[in-house]
Amino acid sequence: MTDPAPEANAPETVVPIADTDRGSIQSIERAAMVLALFDQNTRTLSPTLVSERLGLNRSTAHRYLLSLQSSGFLNASNGPGPLVDQLSGLVSSRQQILALAPTMLRRLSDRTGLTAVLSFLGRSGAVVGHVEEANAGTIVLTVRVGTVLEVKAAQSRVLLAFQSDPAVVARLHAGLGPEEARRENAELALARRDRIAWADLGRVGLASVAAPVFGSHEIQAAMAVLGTTTMLPSSAESEDRVIMLRESAEQLSAMVNG
C-alpha cells in the first residue's frame with residue numbers, strides 16, 4: 001500500500017529561520033558581495049568603495065573589511081588575502097591534475113588490468129573525480145564519478161594519512177568508536193610509512209590500494225586501482241601492480257609540480 005498523494009494546493013510546511021541564523025546568513029551574503037567587487041579593474045577595496053557600490057554606510061563597510069582581513073580573505077591592504085590564494089591554488093591544482101590524470105589512469109589500467117581511479121578529499125571522505133575502467137575481462141568493477149567513499153576506503157585513508165591539518169582527520173574519524181579510531185590511526189601510520197594504503201573491503205570480496213599525489217606543499221589527490229581480492233590480494237602477489245600504481249602517482253606528482 002502506498003502513501004496517499006498530497007492534496008492539490010495543500011499548503012507547504014514552512015520552517016522559520018531563527019533570528020540568529022538569519023543574521024549569520026545575511027552576514028555571509030554581504031561578505032560574498034564584498035568579495036565579488038574584485039575584478040580586473042578593482043584589485044583592492046576600501047570602505048568608501050564598498051559603501052558606494054553596496055549601499056552600506058562607511059562604518060559597516062569598514063567592519064566587513066576588518067572581519068574579512070582577520071579571516072584571511074583580505075590582506076592588510078584589502079587586496080585578496082592568503083585564504084583566497086589558498087583556494088585559488090587548490091582549484092588550479094585540481095584542474096591541472098584532472099587534465100593530466102585521464103591519460104595516466106588509462107595507461108595504469110591497461111598495465112594492471114584493473115580499474116584506475118583518482119579522488120580528492122571531500123567533507124566526509126574521498127570523492128571520486130575520474131575513473132578509467134579495465135578493458136580486459138568480461139566483468140568490470142567500477143565506481144561512479146562523484147561517489148563519496150567511506151573513511152576506510154584506500155583513497156580516503158591515503159588522503160587522511162598525509163593531511164597537514166589534524167582537525168580534518170579528527171572530524172572524519174568522529175563517527176568511529178575508540179577501537180575503530182585506534183585501528184584507523186594505525187592504518188594511517190602504515191600509509192605514511194609505505195606511501196600506499198589498502199582499503200577495508202575484504203569483507204565483500206573486493207580490494208583497492210591507493211597512493212598519494214602531492215602538490216608543491218601537500219597532498220592533492222589519491223590514485224588507486226580497484227579489483228577483486230583474487231586479482232589484487234594484499235600480499236606479495238600484488239607487488240608489481242602496487243609498484244606500477246606508486247610510479248604513476250609519483251609521475252603525476254612530478255608533472256603537477258612542473
Side-chain angles (χ1 to χ4, degrees), residues 97 101-122 124-163 169 172-173 175-214 219 221-253:
I97 291 171
T103 299
M104 301 194 67
L105 290 175
R106 181 69 267 153
R107 188 183 304 126
L108 177 62
S109 179
D110 290 341
R111 291 177 67 197
T112 61
L114 303 169
T115 293
V117 184
L118 183 84
S119 293
F120 300 98
L121 186 63
S124 56
V127 180
V128 176
H130 190 84
V131 178
E132 290 291 336
E133 297 175 346
N135 286 326
T138 56
I139 298 176
V140 176
L141 294 175
T142 190
V143 60
R144 293 179 180 176
V145 171
T147 298
V148 179
L149 304 175
E150 61 179 281
V151 172
K152 296 181 182 180
Q155 292 164 88
S156 295
R157 281 175 168 172
V158 85
L159 286 164
L160 290 178
F162 294 96
Q163 262 300 308
V169 180
L172 268 69
H173 284 180
L176 303 177
E179 183 59 26
E180 275 188 303
R182 187 194 64 78
R183 287 196 297 266
E184 279 307 297
N185 285 324
E187 290 290 341
L188 300 190
L190 288 174
R192 285 188 288 270
R193 184 194 71 185
D194 301 334
R195 293 216 164 196
I196 62 164
W198 289 86
D200 180 21
L201 292 173
R203 62 191 183 282
V204 292
L206 301 179
S208 181
V209 60
V213 176
F214 291 102
I219 190 166
M223 184 183 291
V225 287
L226 171 67
T228 65
T229 49
T230 301
M231 300 167 65
L232 189 64
S234 55
S235 64
E237 296 175 57
S238 296
E239 184 176 356
D240 289 344
R241 284 169 166 162
V242 171
I243 290 173
M244 293 175 192
L245 168 66
R246 189 185 283 116
E247 289 176 346
S248 296
E250 290 174 352
Q251 184 179 357
L252 181 54
S253 296

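Computed from a predicted model, the values in this text were never measured in an experiment.
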Between Val143 and Val131, what is the shortest heavy-atom contact and its length?
O-CG2, 3.2 Å

Charged N to carboxylate O under 4.0 angstrom, Glu132 versus Arg107?
no

With distance as the sole test, does Arg241 use its side chain to make a donor-acceptor pair with the main-chain N or O of Met231 at under 3.5 Å?
yes

Flag for Arg106-Ser109: side-chain donor and acceptor within less than 3.5 Å
yes

Looking only at heavy atoms, which two atoms of Ala199 and Ala154 are closest? And how far apart?
CB-N, 3.3 Å

Any Asn185 side-chain heavy atom under 4.5 Å of His173 side chain
yes

Contacts of Glu237 meeting salt bridge (charged side-chain N to carboxylate O under 4.0 Å, His left out) (sequence neighbours excluded), chain-then-number -> none

About how many Å separate OG of Ser253 and CD1 of Ile97, when rounded to the nearest 0.5 Å?
7.5 Å

Can you list the steps and then say if Val128 with Arg144 is a side chain to side chain contact (heavy atoms under 4.5 Å, CB included)?
CA-CA 7 Å; Val128 176; Arg144 293 179 180 176; over 6 Å; no

Any pair with a residue in residues 136-159 that passes ring pair (Phe, Tyr, Trp, His ring centres under 6.0 Å), sequence neighbours left out, goes on the list, sorted by first then second residue, please.
none

Start with the C-alpha gap between His130 and Leu105, add the side-chain angles, then the distance that decides, and say whether side chain to side chain contact (heavy atoms under 4.5 Å, CB included) holds.
CA-CA 9 Å; His130 190 84; Leu105 290 175; 3.6 Å; yes

For Glu150, which residues count as a side-chain hydrogen bond (donor to acceptor under 3.5 Å, both in side chains) partner, sequence neighbours excluded?
Arg203

State, to 0.1 Å, how close Leu159 and Phe120 come at their nearest heavy-atom pair, and which atoms those are.
CD1-C, 3.7 Å

Minimum heavy-atom distance between Ala101 and Leu118, given as atom pair plus value
CB-CD2, 3.7 Å

For Val209 versus Leu245, what's the shortest heavy-atom pair and its separation?
O-CD2, 3.3 Å

Decide side chain to side chain contact (heavy atoms under 4.5 Å, CB included) for Leu121 and Leu172; before the verdict, give the C-alpha distance in whole Å, the side-chain angles of both, and the deciding distance to 0.1 Å.
CA-CA 11 Å; Leu121 186 63; Leu172 268 69; 4.2 Å; yes

Rounding to 0.5 Å, atoms CZ (Arg157) and CD1 (Ile196) come to a distance of 12.0 Å

Evaluate the side-chain proximity of Leu160 to Val151: yes if any heavy-atom separation is below 4.5 Å, no if none is.
yes

Given Met104 and Leu108, is the side chain to side chain contact (heavy atoms under 4.5 Å, CB included) satisfied, shown in steps?
CA-CA 6 Å; Met104 301 194 67; Leu108 177 62; over 6 Å; no

So, Ser208 side chain and Val225 main chain: donor-acceptor pair closer than 3.5 Å or not?
yes

Looking at Ser238 and Pro233, would you say the former's side chain and the latter's main chain have a donor-acceptor pair under 3.5 Å?
yes

Is any side-chain N of the basic residue among Lys152 and Glu187 closer than 4.0 Å to the acidic one's carboxylate O?
no

Results of side-chain contact (heavy atoms from CB on, under 4.5 Å) for Ser156 - residues two or more places apart only
Ala126, Leu149, Ala153

Output for pair (Leu232 CG, Leu206 CG), nearest 0.5 Å, gives 10.0 Å

Main chain of Pro212, side chain of Arg195: is a donor-acceptor contact present, judged purely on distance under 3.5 Å?
no

Checking Glu179 now: which residues fulfil salt bridge (charged side-chain N to carboxylate O under 4.0 Å, His left out) with it, not counting sequence neighbours?
Arg182, Arg183

Could you work out, with ring pair (Phe, Tyr, Trp, His ring centres under 6.0 Å) as the rule, every residue matching Phe162, not counting sequence neighbours?
Phe214

Least distance between heavy atoms, Gly125 atom then Val148 atom:
N-CG1, 4.4 Å

